[in-house]
Amino acid sequence: MENNDSTVKTDFIREIIREDINSGRFSSGIMTRFPPEPNGYLHIGHAKSICLNFGIAAEFGGKCNLRFDDTNPTKEEQEYVDSIKEDVRWLGFDWEEREYYASDYFDQLYQYARKLIDKGKAFVCDLTADQIRDFRGTLTQPGKGSPYRNRSVDENLALFERMRQGEYPDGFRTLRAKIDMASPNLNLRDPVMYRILHASHHRTGEKWCIYPMYDWAHGQSDSIEGITHSICTLEFEDHRPLYDWFITELGIHHPRQIEFARLALTYTVMSKRKLLELVKRKIVSGWDDPRMPTISGLRRRGFTPESIRLFAERIGVAKRDSMVEISVLEDCIRELLNKQAPRVMAVLRPLKVVLVNYPDEKTEEFETDNNPEDLSMGKRLVPFSKLLYIEREDFSENPPKGYFRLTPTNEVRLKHAYFIRLKEVVRDGSGEIVELHCTYDPDTHGGEAKDGRKVKGTIHWVSAAHSVDAEVRLYDHLFSKEDPEDDSDGRDFFGSVNPDSMITLKECKLEKSMGQAAKGSRFQFLRHGYFLVDPVDSKPERPVFDRIVSLKDAWKKK
RNA sequence: UGGGGUGUCGUCAAGCGGUAAGACACAAGCCUUUGGAGCUUGCAUUCCCAGGUUCGAAUCCUGGCACCCCAGCCA
């Protein structure tokens with residue numbers, strides 16, 4: 001990824017790296033890595049990490065690897081590695097040929113483990129999982145050493161080999177590091193390095209029945225890859241002493257680990273477990289549901305890679321726990337699309353308008369800029385006729401104060417076209433308004449009055465004869481609470497799913513050209529927001545649009 | 001009550017002993033053929049609290065307080 005940002009970023013991680021470069025701490029160039037576990041789809045929190053790791057590598061002339069931490073075959077799947085690769089690439093980053101897997105290092109890790117056994121720093125333990133927990137002690141009390149802690153090197157080597165050969169059932173024995181059962185840091189109380197798991201691995205198949213724990217695999221994987229800066233989240237801060245211990249005992253390359261706070265966003269959840277739950281319970285249509293905070297969901301919603309990168313830049317990186325307001329993300333995509341998206345008129349909740357004094361068969365066309373923010377995007381002609389649709393919300397019989405759209409007394413401008421005035425409200429038997437009869441003023445052609453009179457409101461419209469029917473999906477926050485994980489009000493996060501997070505409008509009237517709009521392209525529907533031509537469901541005869549984000553609305557706020 | 005972290009505007013976040021950046025949000029006004037966009041202005045006399053050092057402290061020291069993480073053969 002090219003770094004075309006002229007301002008130098010000064011977050012604490014980059015500061016540390018600058019110091020390391022200046023002090024010559026690492027002789028070769030900067031190496032980072034993005035190390036996901038392929039057990040779910042990537043979300044916007046991962047995007048923060050991806051932008052950080054790949055961004056730093058690019059800024060400092062280094063490289064960033066993509067490495068899958070695939071040490072638990074019971075949870076990992078090829079589907080996830082495929083989605084992760086797609087998402088990282090879509091975000092605009094390139095790991096070139098450096099696609100690695102912790103499982104690439106299983107043989108090396110096995111040899112490293114033998115080395116620790118040789119040094120008397122690791123042992124095979126026969127305790128059950130429950131017993132290990134009991135022996136571990138508590139936060140305030142030291143643990144007790146395993147009775148198997150002092151087996152001989154030869155016995156350990158033999159037993160470890162037999163574990164590998166598959167002689168024992170799942171969980172029968174473990175390999176543990178021999179460190180300090182009295183350490184105040186629980187991670188140092190003889191942590192498990194290997195467990196027996198007779199499970200097929202998505203890459204190594206049946207080759208192994210013992211699998212390294214993350215804590216045993218991660219640091220060594222970074223070391224093997226020559227990573228200089230292992231950037232990870234806060235919860236690994238007190239694992240660092242353990243990683244340091246392994247590396248030191250092994251005498252291998254020592255990366256510098258730096259921890260930062262993971263991302264939390266209002267009105268959504270970020271844990272993979274909860275996201276999976278939403279998918280399983282069919283509360284959303286899948287990992288890529290447009291309301292999901294996953295990269296694939298945001299993509300499906302219509303966010304651009306650029307908008308996600310801009311977001312990552314704006315929120316910064318630090319160590320304090322934080323919750324970023326979703327409005328920051330929304331503003332990023334708005335800011336970008338304001339400059340990029342062609343404008344078009346779309347009536348979402350149509351109300352028929354007949355211009356009683358307009359000639360029956362007449363049609364005329366008005367010229368308009370495709371994007372007033374970027375005139376190079378050209379102009380187009382919008383057809384106009386006697387029978388139109390306007391937004392139901394743009395007419396009010398008993399308007400609240402400050403309302404300056406169409407009312408029995410307010411004259412309004414049909415954007416680009418004419419001023420109109422209400423003549424008659426037509427209702428059906430039940431009293432429901434079915435259409436409006438209005439008059440237009442021929443002396444306001446183009447939307448400008450010859451006598452210079454002004455009008456407060458300008459509304460959008462679509463000529464009935466020149467429209468295309470469309471389906472429009474209005475998306476909103478998935479949850480109705482800022483922090484859905486906060487259940488102090490008695491509602492758990494399933495209970496706070498926003499029932500209006502997706503509203504489907506099936507009788508929308510759009511400018512006819514929208515029937516030909518390319519799937520995946522983005523438009524601004526005037527006065528509504530930014531919309532994506534649905535990449536899956538849209539068809540020329542029946543276009544489908546997804547709302548990416550609404551426009552700011554100073555009136556609705558009142 | 002063990003260990004590891006963190007506390008600066010409503011929300012993020014700069015600040016690194018010389019007198020509180022920026023962004024989002026919010027508010028007011030201007031402008032407007034999108035109540036959009038744009039523009040202008042306002043928005044922490046104060047940095048968790050209390051002491052101390054210093055000519056000078058958000059920054060250094062001491063002591064509190066609050067919040068987050070850790071007792072998976074998950075990552």
Side-chain angles (χ1 to χ4, degrees), chain A residues 10-11 15 35-37 39 69-72 74-76 125 127-130 132-134 136-143 170-176 183-189 191-197 210-211 213-215 217-218 232-241 259 261 263 266 272-273 313-332 334-335 338-339 343 345 368 372-373 402-405 413-417 419 444 446-448 454-460 482 524-529 550-558:
Chain A
T10 60
D11 57 78
E15 288 299 338
E37 183 193 11
N39 69 339
D69 271 336
D70 54 350
T71 55
N72 185 351
T74 65
K75 290 187 177 167
E76 294 146 9
C125 184
L127 256 25
T128 65
D130 284 345
I132 288 182
R133 181 165 9 92
D134 291 341
R136 187 152 34 222
T138 69
L139 294 178
T140 51
Q141 292 169 316
D170 286 2
F172 192 68
R173 291 198 223 263
T174 56
L175 182 74
R176 295 225 259 160
S183 171
N185 181 343
L186 269 17
N187 296 118
L188 265 21
R189 319 244 262 228
V192 172
M193 295 163 62
Y194 276 96
R195 76 284 216 187
I196 298 172
L197 230 42
I210 56 171
Y211 289 95
M213 297 290 292
Y214 174 86
D215 275 349
H218 188 80
C232 64
T233 44
L234 255 27
E235 68 271 26
F236 294 106
E237 204 147 17
D238 47 14
H239 292 236
R240 184 167 12 108
E259 308 86 6
L263 172 67
T266 56
K272 277 195 207 170
R273 211 208 92 236
E313 196 175 300
R314 284 197 182 164
I315 59 174
V317 46
K319 293 194 74 160
R320 66 187 84 105
D321 291 306
S322 60
M323 181 170 288
V324 176
E325 289 179 352
I326 192 78
S327 62
V328 179
L329 211 212
E330 294 170 342
D331 186 71
C332 289
R334 257 191 219 112
E335 176 177 314
N338 179 43
K339 294 280 191 283
R343 317 273 127 134
M345 292 199 284
T368 177
E373 299 291 320
Y403 184 90
F404 45 78
R405 279 109 102 150
R413 167 166 43 233
L414 293 178
K415 176 127 174 133
H416 312 307
F419 286 7
T444 57
E448 198 102 47
K454 301 290 184 195
V455 94
K456 283 286 255 310
T458 299
I459 65 176
H460 60 275
E482 274 209 353
Q524 184 197 98
F525 288 177
L526 238 52
R527 303 207 297 137
H528 282 302
S550 66
L551 248 26
K552 287 189 203 169
D553 189 342
W555 167 244
K556 193 183 284 178
K557 267 195 308 213
K558 288 188 183 175

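Order of the sequence lines fixes the chain letters, A, B, ..., with proteins taken first and strands second; residue numbering starts at 1 for each chain.
- For the OP1/OP2 pair of B:rC70 and a distance below 4.0 Å, the side-chain nitrogens and oxygens of A:Arg189 include no atom meeting the criterion.
- Counting heavy atoms from C-beta outward, A:Met345 and A:Thr368 have side chains that stay 4.5 Å or more apart.
- Contact of A:Glu482 with B:rG10 (side chain to base): no donor-acceptor pair of N or O atoms is detected under 3.5 Å.
- Of the possible polar contacts, one joining the A:Arg334 side chain to the A:Ser550 backbone as a donor-acceptor pair under 3.5 Å is found.
- Between A:His528 and A:His460, the ring centre distance stays below 6.0 Å.
- Here B:rG15 presents its C1' atom at 11 Å from CD of A:Glu15, a figure rounded to the nearest Å.
- Using a 4.0 Å heavy-atom cutoff across all strands shown, A:Val455 reaches no nucleic acid atom at all.
- When rounded to the nearest whole Å, the span between CZ of A:Arg320 and P of B:rG15 equals 10 Å.
- A straight line from CE of A:Met323 to P of B:rC68 spans 12 Å, rounded to a whole angstrom.
- For B:rU53, there is no paired nucleotide, since no Watson-Crick or G-U wobble pair has both relevant distances below 3.5 Å.
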Look for any protein N or O under 3.5 Å of an N or O in nucleotides 73-75 of chain B and output each such pair with its distance, or none.
{"residue": "B:rC73", "atom": "OP1", "partner": "A:Arg136", "partner atom": "NH2", "Å": "3.4"}
{"residue": "B:rC73", "atom": "OP2", "partner": "A:Arg136", "partner atom": "NH1", "Å": "3.2"}
{"residue": "B:rC73", "atom": "N3", "partner": "A:Gly171", "partner atom": "O", "Å": "3.2"}
{"residue": "B:rC73", "atom": "N4", "partner": "A:Leu127", "partner atom": "O", "Å": "2.7"}
{"residue": "B:rC73", "atom": "N4", "partner": "A:Ala129", "partner atom": "N", "Å": "3.1"}
{"residue": "B:rC73", "atom": "N4", "partner": "A:Gly171", "partner atom": "O", "Å": "3.2"}
{"residue": "B:rC74", "atom": "OP2", "partner": "A:Arg195", "partner atom": "NE", "Å": "3.1"}
{"residue": "B:rC74", "atom": "OP2", "partner": "A:Arg195", "partner atom": "NH2", "Å": "3.0"}
{"residue": "B:rC74", "atom": "O3'", "partner": "A:Arg195", "partner atom": "NH2", "Å": "3.1"}
{"residue": "B:rC74", "atom": "O2'", "partner": "A:Asn72", "partner atom": "ND2", "Å": "3.1"}
{"residue": "B:rC74", "atom": "O2'", "partner": "A:Lys75", "partner atom": "NZ", "Å": "3.4"}
{"residue": "B:rA75", "atom": "OP1", "partner": "A:Thr71", "partner atom": "OG1", "Å": "2.8"}
{"residue": "B:rA75", "atom": "OP1", "partner": "A:Arg195", "partner atom": "NH1", "Å": "3.3"}
{"residue": "B:rA75", "atom": "OP1", "partner": "A:Arg195", "partner atom": "NH2", "Å": "2.8"}
{"residue": "B:rA75", "atom": "OP2", "partner": "A:Tyr214", "partner atom": "N", "Å": "2.9"}

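- Scanning both residues, A:Met193 and A:Arg176, for their nearest heavy atoms gives SD-C, 3.9 Å.
- Between A:Ile459 and A:Leu139, the residue whose closest nucleotide on RNA chain B is further toward the 5' end is A:Leu139.
- With P as the reference atom, B:rC12 and B:rC16 are 22 Å apart, rounded to whole Å.
- Counting non-hydrogen atoms under 4.0 angstrom, A:Ile315 reaches the backbone sugars and phosphates but no base.
- Note on A:Glu259 versus A:Arg240: salt bridge recorded, some NZ/NE/NH1/NH2 to OD/OE distance being below 4.0 Å.
- Rounded to an integer number of Å, the gap from CD of A:Glu330 to C1' of B:rU11 is 13 Å.
- The separation between A:Arg413 atom CZ and B:rU34 atom P is 7 Å, rounded to whole Å.
- On the C1' atoms, B:rC30 is 15 Å away from B:rG35, given to the nearest whole Å.
- At a cut-off of 3.5 angstrom, the base of B:rG3 holds at least one donor-acceptor pair with the side chain of A:Asp238.
- A straight line from NZ of A:Lys456 to C1' of B:rC31 spans 14 Å, rounded to a whole angstrom.
- Atom CD1 in A:Ile326 sits about 21 Å away from atom P in B:rG10, given to the nearest Å.
- Of the candidate nucleotides B:rG2, B:rU34, B:rA14, B:rU34 has the atom lying nearest to any side-chain atom of A:Leu551.
- In this structure, A:Gln524 reaches the bases: a heavy-atom distance under 4.0 Å links it to at least one base atom across the strands shown.
- On the P atoms, B:rC55 is 28 Å away from B:rG64, given to the nearest whole Å.
- Ring pair A:Tyr403/A:Trp555 is perpendicular by interplanar angle, where above 60° counts as perpendicular and below 30° as parallel.
- Pairing partner, B:rA66: B:rU6, with both Watson-Crick or wobble hydrogen-bond distances short of 3.5 Å.
- Along RNA chain B, the nucleotide closest to A:Pro184 and the one closest to A:Thr266 are compared, and the more 5′ of them pairs with A:Pro184.
- Looking at every heavy atom in both residues, A:Thr71 comes nearest to A:Arg195 through O-NH1, 3.4 Å.
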Quick test: give all pairs of protein nitrogen or oxygen and nucleotides 23-28 of chain B nitrogen or oxygen below 3.5 Å, distance rounded to 0.1 Å.
{"residue": "B:rC24", "atom": "O2'", "partner": "A:Ser327", "partner atom": "OG", "Å": "2.8"}

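- The structure places CZ of A:Arg173 at 11.5 Å from CG of A:Leu127, a figure rounded to the nearest 0.5 Å.
- Distance check on atom C1': B:rA75 versus B:rA58 gives 37 Å, rounded to whole Å.
- The glycosidic torsion of B:rG15 lies more than 90° away from 0, placing the base in the anti range.
- For B:rU19 and B:rU45, the C1' atoms lie 11 Å apart once the distance is rounded to whole Å.
- Comparing atom distances between the A:Tyr403 side chain and each of B:rU34, B:rG35, B:rC12 picks out B:rG35 as nearest.
- Within the 4.0 angstrom heavy-atom criterion, no nucleotide atom of any strand lies near A:Gln141.
- Base-pair partner of B:rU40: B:rA28 (Watson-Crick or G-U wobble, both distances under 3.5 Å).
- B:rG63 and B:rC69 have their C1' atoms separated by 25 Å, given to the nearest Å.
- Look at A:Arg405 and you won't find any side-chain N or O under 4.0 angstrom from OP1 or OP2 of B:rG35.
- Rounded to whole Å, the distance from NZ on A:Lys319 to C1' on B:rG15 is 18 Å.
- Two residues are said to be in side-chain contact when any heavy atoms from C-beta on lie closer than 4.5 Å; A:Pro241 and A:Asn185 meet this criterion.
- Of the candidates B:rA37, B:rG5, B:rG35, B:rG35 carries the atom nearest the A:Thr458 side chain, counting heavy atoms from C-beta on.
- A:Glu237 comes within 4.0 angstrom of the backbone, heavy atoms only, and of no base.
- A donor-acceptor pair under 3.5 Å is formed between the side chain of A:Thr266 and the backbone N or O of A:Ile326.
- When heavy atoms are screened at a 4.0 angstrom cut-off, A:Lys415 is found touching base atoms of the nucleic acid.
- No side-chain heavy atom of A:Asp238 sits under 4.5 Å from any side-chain heavy atom of A:Leu186.
- A distance of about 37 Å separates the P atoms of B:rU46 and B:rC31, rounded to the whole Å.
- Rounded to the nearest 0.5 Å, atoms CZ (A:Phe236) and NE2 (A:His218) are 7.0 Å apart.
- A:Thr174 places no side-chain N or O within donor-acceptor distance of the main-chain N or O of A:Val192, the cut-off being under 3.5 Å.
- Atom name C1', nucleotides B:rA28 and B:rA66: the rounded distance is 36 Å, in whole Å.
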